[in-house]
> 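First, the structure itself, so that you have it in front of you.
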Amino acid sequence: MVCGVPNNPYPAKIINMSLGGGTDTYGVCDAPFLAAIATARANGTVVVVAAGNEDMDSNASSPANCSDAITVGATDSSGLRAYFSNYGNKVDISAPG
């Protein structure tokens with residue numbers, strides 16, 4: 001909600017974010033992402049984030065390490081983890097990347 005701006009009659013049902021980077025706190029969702037995802041979820045929106053493309057544990061990448069988001073890794077043409085895709089227990093699902 002923005003003061004002076006009318007409410008959106010068509011709010012997003014799904015937000016997909018393909019962004020992120022390293023975090024200073026392994027396994028802890030960075031505060032700005034945590035707040036944004038929590039607000040979206042409280043408004044009934046599903047949040048989907050990329051696992052990342054650094055070939056590292058997704059716990060070290062935010063917002064991939066945010067537990068209230070669906071984290072998506074990448075697979076190659078054989079259905080295996082793509083060589084560049086982040087991985088780990090924070091990855092909920094993988095798809096061709």
> Identify the two heavy atoms, one from Gly97 and one from Ala74, that lie closest to each other, and give their separation to 0.1 Å.
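Residues Gly97 and Ala74, closest heavy atoms: CA-CB, 3.9 Å.
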> For residues 70-86, which residue pairs qualify under salt bridge (charged side-chain N to carboxylate O under 4.0 Å, His left out), counting only residues two or more places apart or in two chains?
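Checked against salt bridge (charged side-chain N to carboxylate O under 4.0 Å, His left out) - neighbours excluded - the pairs reaching residues 70-86 are Asp55-Arg81.
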> Under a single-linkage definition using a 4.5 Å side-chain heavy-atom cutoff for Ile, Leu, Val, Met, Phe, Trp and Tyr, are Leu19 and Ile37 assigned to the same hydrophobic cluster?
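Cluster IDs for Leu19 and Ile37 match.
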> Hey, quick one: are Phe33 and Ile15 part of the same hydrophobic cluster, counting side-chain heavy atoms closer than 4.5 Å, chains of contacts allowed?
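Yes, Phe33 connects to Ile15 through the hydrophobic network.
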> In this structure, which one of Asn86, Thr23, Thr25, Asn89 forms a side-chain hydrogen bond (donor to acceptor under 3.5 Å, both in side chains) with Asn59?
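Among the candidates, only Asn89 passes.
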> For residues Ser58 and Asn65, is any side-chain donor paired with an opposing acceptor at under 3.5 Å?
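No donor-acceptor contact under 3.5 Å links the two side chains.
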> How close do Pro11 and Asn8 get, heavy atom to heavy atom, and via which atoms?
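Closest heavy-atom pair between Pro11 and Asn8: CD-O, 3.5 Å.
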> Are any of the side-chain heavy atoms of Ile14 and Thr45 separated by less than 4.5 Å?
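No, side chains not in contact.
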> Do Val46 and Ile93 land in one hydrophobic cluster if side-chain heavy atoms of ILVMFWY residues count as linked below 4.5 Å?
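Yes: a chain of side-chain contacts under 4.5 Å links Val46 to Ile93.
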> Following the transitive rule for hydrophobic clusters with a side-chain heavy-atom cut-off under 4.5 Å over Ile, Leu, Val, Met, Phe, Trp and Tyr, establish whether Val47 and Ile70 coincide in one cluster.
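Different clusters.
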> With sequence neighbours excluded, what pairs up with Asn53 under the side-chain hydrogen bond (donor to acceptor under 3.5 Å, both in side chains) test?
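So Asn53 forms no side-chain hydrogen bond (donor to acceptor under 3.5 Å, both in side chains) with any residue.
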> Mind listing the closest non-hydrogen atom pair of Thr39 and Asn43 along with its distance?
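So the minimum-distance heavy-atom pair works out to O-ND2, 2.8 Å.
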> Would you check if there is a donor-acceptor pair between the side chains of Tyr26 and Asp57 at a distance under 3.5 Å?
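Side-chain D/A pair, Asp57 to Tyr26: present.
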> Would you compute the distance between atom CE of Met56 and atom CZ of Phe84 and round it to the nearest 0.5 angstrom?
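So the CE of Met56 and the CZ of Phe84 are separated by 14.0 Å.
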> Given side chains that start at C-beta, do those of Lys90 and Ser67 come closer than 4.5 Å, heavy atoms only?
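Counting from C-beta outward, Lys90 and Ser67 do come under 4.5 Å.
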> Taking all heavy atoms of Ala51 and all of Ala64, pick out the closest pair and write down the distance.
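That would be O-CB, 3.4 Å.
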> How close do Ser62 and Cys66 get, heavy atom to heavy atom, and via which atoms?
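Nearest heavy atoms, Ser62 then Cys66: OG-SG, 4.0 Å.
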